Amino acid sequence: MRTYPDVTRGRRLVGAALATVVVALGSLTACSEAGSEQASITYAGFGGTYEEAVRAALFDPYSTEADVTVRYDSSGSDVAKLVQMSRSGSMTLDLIDAEDSSLAQFMAADILQPIDTKSLTGFADPSAVTEYSVPWYTFSRNLFWNKDEVPGGLDSWADLFDTQRIPGKRGLVALPWGILEGALIADGVPVDQLYPLDLNRAFAKLETIRKDTVFFPSNGDLQNAISQGEIVLGYGNLARIKSIATSGAVPLEYTWKGAVLSVQQLVVPKGAPDQAHAVEAIRYSMKPEVQKAIMDKLGYTPSQQSVLDGLDAQTRADLPGTAETASAETFRIDVDWWAKNGADVLKRWQDWQNA
C-alpha cells in the first residue's frame, strides 16, 4: 500500500477515530430497502469526451445493474473547490475521479473517507492502493502536434519550448503539475533530479513561451481548440489526443518521449450523501469487462493484472506505463512533493497566470 507524507497524520488519526462509518465494500443492504426511492450518486469527473467514455464503460451498465441513478459533475480536478466543499459540510458529491497528484492533496487535506479494500485483489500494482482510494487505470499526458503545421514533430520537452525552430500556438491545460516538470526538463534538468522542483527556474522557463501559449481551463476546452485548428502543438491528456486523431478532425500525432504517467484513482469524500453506493460503483469498476471497456474507449492501461495479461503486444505498445512505451524520458509525478507543496504552488501558479 502506498504511503503518503505524514503532514496531517495527527488529523487523519483523529478523523479515523471519530469516524462513525468506515465505508465497507459490499455493505449495501441499507440502500436497497424495498419501497425506497431509487438511489442516486453524483460523480465528479472531467466532462466532455472523457465523461462520455466513463459513462458508457462504467456508469451506464452499473446504473442498470444496480438500479442507481448517476449524476455528473466536471469538477474532478478542482482541488480547492472540493476541499472547501468538504470542510464546509456542503459536500454534494459521492464519488471523485482523482489523479495521483489530486489524491495526494485530498489526503493531505484530510477530506477523504477511508475505504475497506480487503475484498479487492488482482491489482497489477498493489502499491497504488491506499486506504482512501482504488486505482482503476494508468494514464498519461503526452506531447502532441498537428502534422500539417509541425511537419518535423516533437521529440522532447525542449522542442515544445523552442519557438524559434518550431513556431505555432501552443496549448496547455492550466494545471501546474507536469508542466512545471516539463519546463525544467526543457531547461536541462535531468528527469531523475526534478524534485524538489526549482520553481524559480521553472517559471522563468515558462515565461519564454507565455506569448505563444494558450492556457485552457479544462481538457475539453483544449480539445476543442485543437480540433478547430487554433492550437498546433502542446501537451495534453492522451485520451483526448487519441480522440481527435481518430476523428480525423486534424492530423494529430503524439510521442511517448517526455510522457507524464499518473494513476487515476476513485475516492469517496467525507460527507458524501451516499457513500455505500459510491463504493459499490468503485467495486464495479474493477470488473474485467469494465476495465477492458475503459481501455478501448480511452486508450488507458487497466489496473487489473488479469486484463493486462490478456492483451496482445500491439495493444500494449500504445498504452501508458507498459514496458513497450517506457523510456528514460517518461516519468511519474512525485505525489509526495505535491502533497506537501501543492497549495503554495497553486497560488503561485494562479498569480503567474493572472500577471
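Keep in mind that this is a model prediction, so the values were computed, not measured. Residue numbers count from 1 along this sequence.
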J.: How close do S75 and L82 get, counting heavy atoms only, and between which atoms?
T.: O-CD1, 3.4 Å
J.: Begin from the C-alpha positions of S327 and T330 and carry the test side chain to side chain donor-acceptor pair (under 3.5 Å) through to its verdict.
T.: CA-CA 5 Å; S327 76; T330 302; 3.1 Å; yes
J.: Checking R170 side chain against G168 main chain: does a donor-acceptor pair fall under 3.5 Å?
T.: yes
J.: Find out if a path of hydrophobic residues (ILVMFWY) with successive side-chain heavy-atom gaps under 4.5 Å connects L175 to Y235.
T.: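 Same hydrophobic cluster.
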J.: Quick test of your reading of the model: are E207 and R210 salt-bridged, counting only N-O distances below 4.0 Å?
T.: yes
J.: On the 0 to 90° scale, with breaks at 30° and 60°, tag the W256-Y254 ring pair as parallel, tilted or perpendicular.
T.: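 Perpendicular: the ring planes of W256 and Y254 meet at over 60°.
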J.: Go through the steps to decide whether Q305 and D309 satisfy the test side chain to side chain donor-acceptor pair (under 3.5 Å), and finish with yes or no.
T.: CA-CA 6 Å; Q305 185 64 51; D309 289 342; 2.7 Å; yes
J.: Would you mind writing out the side-chain donor-acceptor pairs for residues 145-152 within the sub-3.5 Å range, not counting sequence neighbours?
T.:
from : atom 1 : to   : atom 2 : distance (Å)
N146 : OD1    : D148 : N      : 2.8
N146 : OD1    : E149 : N      : 3.4

J.: Below 4.5 Å, heavy atoms only, C-beta onward: do P320 and T325 meet side chain to side chain?
T.: no
J.: Minimum heavy-atom separation for V129 to S133, with atom names?
T.: CG1-O, 3.8 Å
J.: Could you tell me whether R316 and E324 make a salt bridge, using a distance below 4.0 angstrom between a side-chain N and a carboxylate O?
T.: yes
J.: With no hydrogens and no angle check, is any side-chain donor or acceptor of Q291 less than 3.5 Å from a backbone partner on P288?
T.: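 Pair absent, no side-chain N/O of Q291 close to backbone of P288.
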J.: Please report the C-alpha distance between L206 and F161 in whole Å, then the side-chain angles of each, then the deciding distance to 0.1 Å, and finally whether the side chain to side chain contact (heavy atoms under 4.5 Å, CB included) criterion is met.
T.: CA-CA 8 Å; L206 273 173; F161 281 76; 4.1 Å; yes
J.: Closest approach of K270 and S86, non-hydrogen atoms and distance?
T.: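 Reported closest heavy-atom pair: O-OG, 3.8 Å.
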J.: Look only at the side chain of Q105 and the backbone of S101, and say whether a donor-acceptor pair between them is shorter than 3.5 Å.
T.: yes
J.: Could you tell me whether the side chain of R240 reaches within less than 4.5 Å of the side chain of L222, counting heavy atoms only?
T.: no
J.: Can you find a heavy atom in the side chain of V134 that is under 4.5 Å from one in the side chain of F123?
T.: yes
J.: Does one hydrophobic cluster hold both M295 and F139, with members joined at side-chain heavy-atom distances below 4.5 Å?
T.: no
J.: Between I96 and F106, does a side chain to side chain contact (heavy atoms under 4.5 Å, CB included) hold up when you go through it step by step?
T.: CA-CA 10 Å; I96 299 174; F106 291 151; 4.0 Å; yes
J.: Checking the side chain of Y195 only, and the main-chain atoms of D334 only, is there a donor and an acceptor separated by less than 3.5 Å?
T.: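 It does hold such a pair.
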J.: Answer yes when R71 and D94 have at least one side-chain N-carboxylate O distance shorter than 4.0 Å, and no when they do not.
T.: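 Between D94 and R71 there is no salt bridge, as every charged N stays at least 4.0 Å from the carboxylate O atoms.
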J.: Inspect the contact between R348 and D344 and indicate whether a charged nitrogen and a carboxylate oxygen are less than 4.0 angstrom apart.
T.: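 Result for this pair is no, no salt bridge flagged.
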J.: Please determine if D318 and K242 form a salt bridge, counting it only when a charged side-chain N lies under 4.0 Å from a carboxylate O.
T.: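 Looking at K242 together with D318, the answer is yes, because their closest N to O distance falls below 4.0 Å.
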J.: In terms of ring plane angle, is the pair W338 and W177 parallel, tilted or perpendicular, where the classes change at 30° and 60°?
T.: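 Geometry flag for W177 against W338: perpendicular rings.
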J.: Search all heavy atoms of K169 against all heavy atoms of D212 and return the closest pair with its distance.
T.: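 Taking K169 first and D212 second, the nearest heavy atoms are CD-O, 3.2 Å.
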J.: Would F144 and V232 show up in the same hydrophobic cluster when neighbours are defined by side-chain heavy atoms closer than 4.5 Å?
T.: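 Same cluster.
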J.: Please answer whether the main-chain N or O of D60 pairs with a side-chain N or O of S63 as donor and acceptor at a distance below 3.5 Å.
T.: no
J.: Considering all heavy atoms of both residues, which atom of D274 and which atom of S40 are nearest to each other, and what is their separation?
T.: OD2-O, 3.7 Å
J.: Dump the intermediate steps for side chain to side chain contact (heavy atoms under 4.5 Å, CB included) on V263 and R332, then the final yes or no.
T.: CA-CA 9 Å; V263 176; R332 292 182 181 275; 3.7 Å; yes
J.: Can you tell if the side chain of Q304 reaches within under 4.5 Å of the side chain of M286, non-hydrogen atoms only?
T.: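 In short, these two side chains touch, coming nearer than 4.5 Å.
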J.: Parallel, tilted or perpendicular, judged at 30° and 60°: which one describes the rings of F203 and W349?
T.: tilted
J.: Would you tell me whether E280 and Y62 have side-chain atoms, one donor and one acceptor, within less than 3.5 Å of each other?
T.: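 Side-chain D/A pair, E280 to Y62: present.
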J.: Indicate the ring-plane relationship of Y72 and Y43, choosing parallel, tilted or perpendicular according to the 30° and 60° boundaries.
T.: perpendicular
J.: Hey, are the side chains of L199 and N341 touching, using non-hydrogen atoms and a 4.5 Å cut-off?
T.: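 L199 does not reach N341 side chain to side chain.
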J.: Are side-chain heavy atoms of I333 and D100 found at a separation under 4.5 Å?
T.: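 A side-chain contact is absent here, since even the closest heavy-atom pair is not under 4.5 Å.
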J.: Given side chain to side chain contact (heavy atoms under 4.5 Å, CB included), test D159 with R165 step by step and report yes or no.
T.: CA-CA 8 Å; D159 286 346; R165 190 174 66 83; 2.6 Å; yes
J.: Counting distance only, does the side-chain N/O of D162 pair as donor-acceptor with the main-chain N or O of A158 below 3.5 Å?
T.: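 No, D162 side chain to A158 backbone: no donor-acceptor pair under 3.5 Å.
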J.: So, taking the atom named CD1 in I166 and the one named CG in L160, what distance separates them when rounded to the nearest 0.5 Å?
T.: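 Rounded to the nearest 0.5 Å, the CD1-CG separation comes out at 8.5 Å.
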J.: Checking the side chain of N142 only, and the main-chain atoms of T255 only, is there a donor and an acceptor separated by less than 3.5 Å?
T.: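 Yes, N142 side chain to T255 backbone: donor-acceptor pair under 3.5 Å.
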J.: Are D296 and K292 ion-paired here, with the side-chain N under 4.0 Å from a carboxylate O?
T.: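 Between K292 and D296 there is a salt bridge, with a charged N closer than 4.0 Å to a carboxylate O.
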J.: Within the 4.5 Å heavy-atom criterion, are L58 and W136 side-chain neighbours or not?
T.: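 Touching, per the 4.5 Å side-chain cut-off.
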J.: Taking everything shown except E289 itself, do over 12 heavy atoms lie less than 6.0 Å from its CD?
T.: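 Counting neighbours around CD of E289, more than 12 heavy atoms of other residues, nucleotides or ligands fall under 6.0 Å, so yes.
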J.: Hydrogens and angles aside, do D97 and Y50 bring a side-chain donor and acceptor to less than 3.5 Å of each other?
T.: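 D97 vs Y50: donor-acceptor pair found between side chains.
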J.: Mind checking whether F215 and W352 have parallel, tilted or perpendicular rings, split at 30° and 60°?
T.: perpendicular
J.: Any side-chain to backbone donor/acceptor pair from S140 onto V260? Under 3.5 Å, distance only.
T.: no
J.: Do the side chains of L95 and V68 join up, straight or via other hydrophobic residues, at under 4.5 Å, putting them in one cluster?
T.: yes
J.: Treating S247 as the side-chain partner and I244 as the backbone partner, does any N or O pair qualify as donor plus acceptor under 3.5 Å?
T.: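 Yes; at least one donor-acceptor contact below 3.5 Å.
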J.: Any sub-3.5 Å donor-acceptor pair from Q223's side-chain atoms to G236's backbone N or O?
T.: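 Between the backbone of G236 and the side chain of Q223 there is no qualifying donor-acceptor contact (under 3.5 Å).
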J.: Is it true that V173 and V345 fall in one hydrophobic cluster, defined by side-chain heavy atoms closer than 4.5 Å?
T.: yes
J.: What heavy-atom pair brings S156 and E329 nearest, and what distance separates the two atoms?
T.: CB-OE1, 4.3 Å
J.: List for me each residue that meets side-chain contact (heavy atoms from CB on, under 4.5 Å) alongside Q228, sequence neighbours excluded, and say none if there are none.
T.: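 With neighbours one apart ignored, the set is N224, E230.
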J.: Does some side-chain heavy atom of L103 sit less than 4.5 Å from a side-chain heavy atom of V335?
T.: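 No, every pair of side-chain atoms sits at 4.5 Å or beyond.
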